[in-house]
Amino acid sequence: MSELTLERGLAAFRAEIDAPIAAFFSSCVHCGICAQSCPFYLETGDPKYTPILKLEPLRLVWEGEFTLWGRIKRTLGLQQKVTDEMLAEWEELLYDSCSMCGRCSLVCPVGNDLAYMIRKSREGMVQAGHAPEGLIAASVRAIQTGSPMGLQWKTLAVQIKHVEDSTSLTVPVDKTGVDYLVLLSSMEIINFPEYLEAITKIFDHAGVTWTLSTQCFEATNAGIQIGNKDIAAQLVERVVAAAEKLKVPNVISPECGHAYTAIRWEGPNLIGRPYPFRVFHIIEVLDTLRASGRLQTEGMESDRLSLHDPCNLARKSGVIQQQRNLMALVADNFVDLKEHGKFQWCCGAGGGVSSNERAEPLKLAAFKRKKAQIEEVAPERMVTMCATCRTQLEEGMEEFNMNIPVVGLTEMIADHLVEKEARS
Amino acid sequence: MIDRKTPNKTLGESLRDHGLSRRGFLKFCAATASMMALPPGMVPVIAAALEQARRPSVIWLSFQECTGCTESLTRSHAPALEDLILNLISLDYHHTLQAAAGDAAEDARLQAMEANTGQYLVIVDGSIPGPDSNPGFSTVAGRSNYEILMETVEHAAAVIAVGTCAAFGGLPQASPNPTGAMSVMDLVKDKPVINVSGCPPIPMVITGVLAHYLTFGRLPELDAYHRPLAFYGQSIHDRCYRRPFYDKGKFAETFDDEGAKLGWCLYRLGCKGPSTYNACATMRWNGGVSWPIESGHPCLGCSEPSFWDAGSFYQPLSVPLTATSGDLLTAAVGGAVVGAGVATLANKQIKTAVANRQPVTVEELEEKL
Amino acid sequence: MSGLDPISVIIESNVSCAGMPQDCGNALPILHEIRHALERLISTGEETRIDLNAMPFGPGDLDCLKALLGTGEVHATVEAMGLTLIQETAIPGVWLVDYQNSDARRLTLQIEIASVPEILRPQPLDLAEAINTLDGRLTQSASNRHHSS
Amino acid sequence: MSGSMAFLLWIKGPMFNIALAIFAIGLFARFAEIFLLGRKPNYAEPRAGEWLPGFKTMFTRSIADPGTFQRASFNVVVGWVWHLGFLIALLLFVPHVELMKGLFGIVWPALPNPVVDLITAITLIALVATLVHRLTHPVKQRISTFDDYLVWTVVFLVVLTGYLAYHRLVNPYPIALGMHILMAEIFLIILPFTKLTHIFTAFIARWYNGAAFGRKGVAS
């Protein structure tokens with residue numbers, strides 16, 4: 001039986017190195033500004049959480065094998081080697097203290113895309129057997145059960161029943177030839193069942209044809225979080241197969257950040273071919289409906305609302321204006337956090353941190369950056385569009401006794417839809 | 001036979017024999033101090049020293065040279081003073097100046113050496129084909145320069161190398177140095193050597209050095225190149241009247257632009273003043289009339305070693321000697337090839353890594369739980 | 001007729017190198033030196049000589065310095081090994097002493113800050129012989145008279 | 001012939017050629033190492049092109065975003081000051097302009113010497129400040145390597161020897177000038193093998209960064 005070894009890890013590091021990585025490592029001047037953009041460093045004050053330092057194993061492989069000087073140093077025996085012990089030490093740095101929020105990639109003065117390199121480093125970590133247990137377990141469950149939380153269709157079927165009962169609408173399942181295949185995340189199904197009800201209402205209201213797939217309902221991708229192509233590709237293939245089977249032209253990723261980047265940006269590259277369909281985040285779809293006048297809303301939220309941009313959606317996918325357009329539709333008293341959009345701060349739970357029980361204290365520490373941002377504008381409620389962010393915001397604010405409820409944007413839109421009868 | 005022994009009279013006495021009054025002597029000392037580039041406050045010291053000094057025998061040897069140095073000295077502008085100084089020495093041998101010729105001339109040299117052994121001064125102008133060169137490159141009376149130099153220097157008190165050829169090898173030594181020319185300093189190791197460099201040296205500097213030796217009976221303070229600090233202690237640049245323009249960043253860029261007409265700094269036209277140590281800026285040439293920079297031409301750096309090989313006279317000091325953009329390009333192409341090699345090796349490794357890649361399986365992951 | 005005459009000469013600029021590129025640039029520091037020397041002369045009687053040959057003067061600097069110092073009342077000449085011209089400047093105690101050789105070429109030019117320039121004063125050794133010289137002349141004169149009577 | 005002039009001539013002659021050769025070989029080797037690695041094809045549907053955002057980021061990343069400026073103002077300000085100072089002294093000092101003219105045949109206007117002098121003095125102070133920061137700031141302390149201190153020393157000495165030579169504070173002058181050129185040569189020699197490569201590769205890195213973000217519709 002094969003096992004995960006250092007050699008496989010090093011080979012994986014090697015295989016991940018490309019021109020951008022060579023340019024990035026060639027350019028780092030050790031200015032330390034990346035630390036000033038990292039919530040894990042800023043809130044712990046521990047310099048070992050400096051983003052560039054987290055990339056040291058990958059850098060050593062690059063230097064030793066991909067540069068003239070490194071080769072000379074290796075010949076002279078001066079080149080430091082990546083060892084199993086080193087990777088064991090770096091496991092905490094690459095997983096527990098990095099939510100892959102990509103803020104460092106945006107502020108690095110020499111232009112290093114650090115998040116890109118963290119993602120690649122994790123490939124080596126998995127192959128070397130140095131991934132956190134929580135993420136391994138989630139990956140295994142995702143492959144074996146179709147959901148990282150081990151959730152099965154029958155649980156979802158119960159939810160569907162609830163939604164149909166309370167809305168008197170039908171939730172379409174396994175319908176071919178519709179416009180959209182809707183994916184969900186297990187966390188949403190369990191923690192925020194309102195989401196399914198909301199889209200059912202909105203799509204009915206806007207006259208959108210859509211369906212769920214019994215073959216694949218899960219949008220999240222534990223393989224992306226742990227950083228392994230093989231697992232990630234299998235999970236993407238399931239989505240692609242379901243979409244192809246139902247012949248849908250569009251797939252909607254739910255209110256989940258990493259699910260969107262996984263399927264929108266990484267997916268085609270994981271399976272090595274372009275999709276026969278397009279991928280949207282639910283917020284993009286809603287904004288398109290709004291723009292074409294298919295969303296008729298009434299009434300406004302009058303309390304002071306602010307918005308948390310999920311990293312994966314805003315900084316890493318360019319969905320920034322859409323949620324603000326939708327907020328303007330239903331909120332009177334909206335105030336943006338000071339640093340928002342592409343410069344927003346991570347909630348602290350992304351990049352697999354929330355699936356990694358060991359990282360709990362760090363996750364809470366990193367949240368303090370978000371907490372300070374929220375306190376600065378003092379909203380009465382927070383709005384967001386990612387189940388992981390939402391859970392983290394709720395838990396974090398509860399921990400600090402902040403008493404600020406968090407709502408999903410999709411639900412909020414659904415709440416303001418003009419009743420069908422009234423419309424006609 | 002002429003007595004070539006150093007006379008017993010002191011300089012003070014022989015000056016008074018020339019009919020010089022005490023005011024005249026004071027004036028002589030003031031002029032001497034000025035010539036030696038010593039402050040006027042030194043005049044009493046000079047006067048006291050001159051009273052005691054004695055008239056030395058001087059042997060002037062000319063080797064691979066152009067007689068420019070002798071011309072400079074003899075055509076100097078204030079002949080009375082230089083004359084006086086030269087009258088105070090006993091110039092016993094000098095090709096160009098002496099009346100004697102042939103064997104008589106060579107005899108004069110040998111006699112002076114014998115009569116003043118250990119006390120005579122040797123002045124050399126011109127460089128010398130080294131001991132390993134063909135001795136025939138330059139000979140006097142059928143004997144190589146090297147041989148004559150070593151023989152003459154053996155019992156000398158000191159050697160004064162006049163001109164850049166004698167001091168540093170000069171033009172004969174310029175690349176490719178066909179005669180294997182060497183400087184006096186290269187060859188004479190056991191005697192004090194004073195270098196009075198310049199092509200030619202300022203005449204006042206030649207006499208100034210002689211005056212110093214006459215006055216104090218010892219060598220003046222020297223710099224690392226054995227040049228008298230009094231004259232070579234400061235660079236042309238530091239004493240240049242155009243220095244304020246350098247400091248303000250006002251430069252002539254061609255020989256006929258407005259800057260050149262306004263007398264701005266000549267750095268960009270190749271002036272070597274910053275790295276050249278000489279007294280031109282204060283003593284000037286032609287009796288103080290002018291000097292190269294005042295006449296609008298950059299300093300060539302003629303009093304420095306290797307000045308013929310130090311790059312174009314008209315290239316600024318900051319320009320490298322031989323490197324060109326072509327060399328840079330060649331090296332860049334070479335680098336690209338080396339890099340391509342490294343990259344090819346690396347790419348091969350990547351390909352191998354990708355080809356041999358073992359996909360991570362759930363079973364492998366479960367092992368870790 | 002000279003063969004060079006047909007070659008026309010165009011004067012492009014009247015600004016010569018000797019123009020006024022700087023405002024007496026290198027003359028000014030010397031004035032400060034003279035000022036310090038004057039202070040010393042007044043307070044302690046110490047005399048100072050400045051050798052202008054050793055100055056990095058640009059074109060015009062010397063004339064500028066002379067003009068600034070002006071011309072005083074005393075003008076003297078010493079005849080010894082050629083002429084020495086002494087000119088008092090408009091600043092009392094500041095003298096220009098021009099040492100020339102027998103061809104009337106300048107050997108060196110000095111500024112002397114003193115009550116009387118050194119070269120004008122009788123030299124101490126000469127002074128020591130003064131009475132003897134005078135006595136000699138008296139004796140001579142007496143014997144002349146004796147002979148004539 | 002030994003001595004200061006021989007030293008200067010060797011530095012300006014053979015040593016300059018050696019330094020230039022190592023610099024060019026090393027740098028272009030690095031370029032080849034980077035570009036020949038290439039990038040894997042990207043099958044994801046782009047939101048926007050790569051080229052324009054890439055080029056934009058090459059320049060815009062020189063300016064820190066307001067938040068970063070606030071959190072790392074010392075880093076940003078001092079970094080700017082000494083980088084600008086170094087570049088001005090390198091490119092706009094008359095002797096350096098002449099050097100470029102001699103080497104490449106291209107000329108551009110220079111700044112008056114006193115201006116460059118002042119800028120150089122400021123640069124030196126800023127460089128000392130960066131060293132103090134590196135030695136005292138916990139992050140910089142933690143991530144600094146031998147390489148960082150070597151590069152700092154060489155950069156500082158290049159500027160310092162230039163300053164000393166300009167002010168003629170070392171005698172004889174050929175030694176002063178020779179030391180300055182030698183330091184510049186050492187700078188060139190180590191450039192391709194240390195973080196100094198960022199002088200060139202930072203723009204490549206920024207392009208990749210801008211292209212990656214730009215493709216996803218984010219102005220980086």
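Proteins get letters first, then strands, A, B, ... in listed order; numbering begins at 1 in each. Please read all numbers here as calculations on a predicted model, not as lab measurements.
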Inset, instruction - Heavy-atom distances under 4.5 Å only: say whether B/S34 touches chain C with side chain, backbone, both or neither. - result: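 Contact with chain C involves both backbone and side-chain atoms of B/S34.
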
Inset, instruction - Using non-hydrogen atoms and a 4.5 Å limit, figure out which bit of B/R284 sits close to chain C: side chain, backbone, both or neither. - result: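 For B/R284, the side chain is the part near chain C, not the backbone.
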
[X] side-chain N/O to [Y] backbone N/O, donor-acceptor pair under 3.5 Å:
X	Y	value
C/D51	C/T108	no
B/E304	B/Y277	yes
C/T139	C/D135	yes

Legend entry - Portion of C/E129 that has a non-hydrogen atom of chain B nearer than 4.5 angstrom: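 Only the side chain of C/E129 comes within 4.5 Å of chain B.
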
Legend entry - Toward chain B, the part of C/I50 with a non-hydrogen atom under 4.5 Å: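 Backbone only.
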
Legend entry - Result of checking B/F313, B/W285, B/Y314 against B/H297 for ring-ring contact (aromatic ring centres under 6.0 Å, His included):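 Per the ring-ring contact (aromatic ring centres under 6.0 Å, His included) rule, the option paired with B/H297 is B/Y314, out of B/F313, B/W285, B/Y314.
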
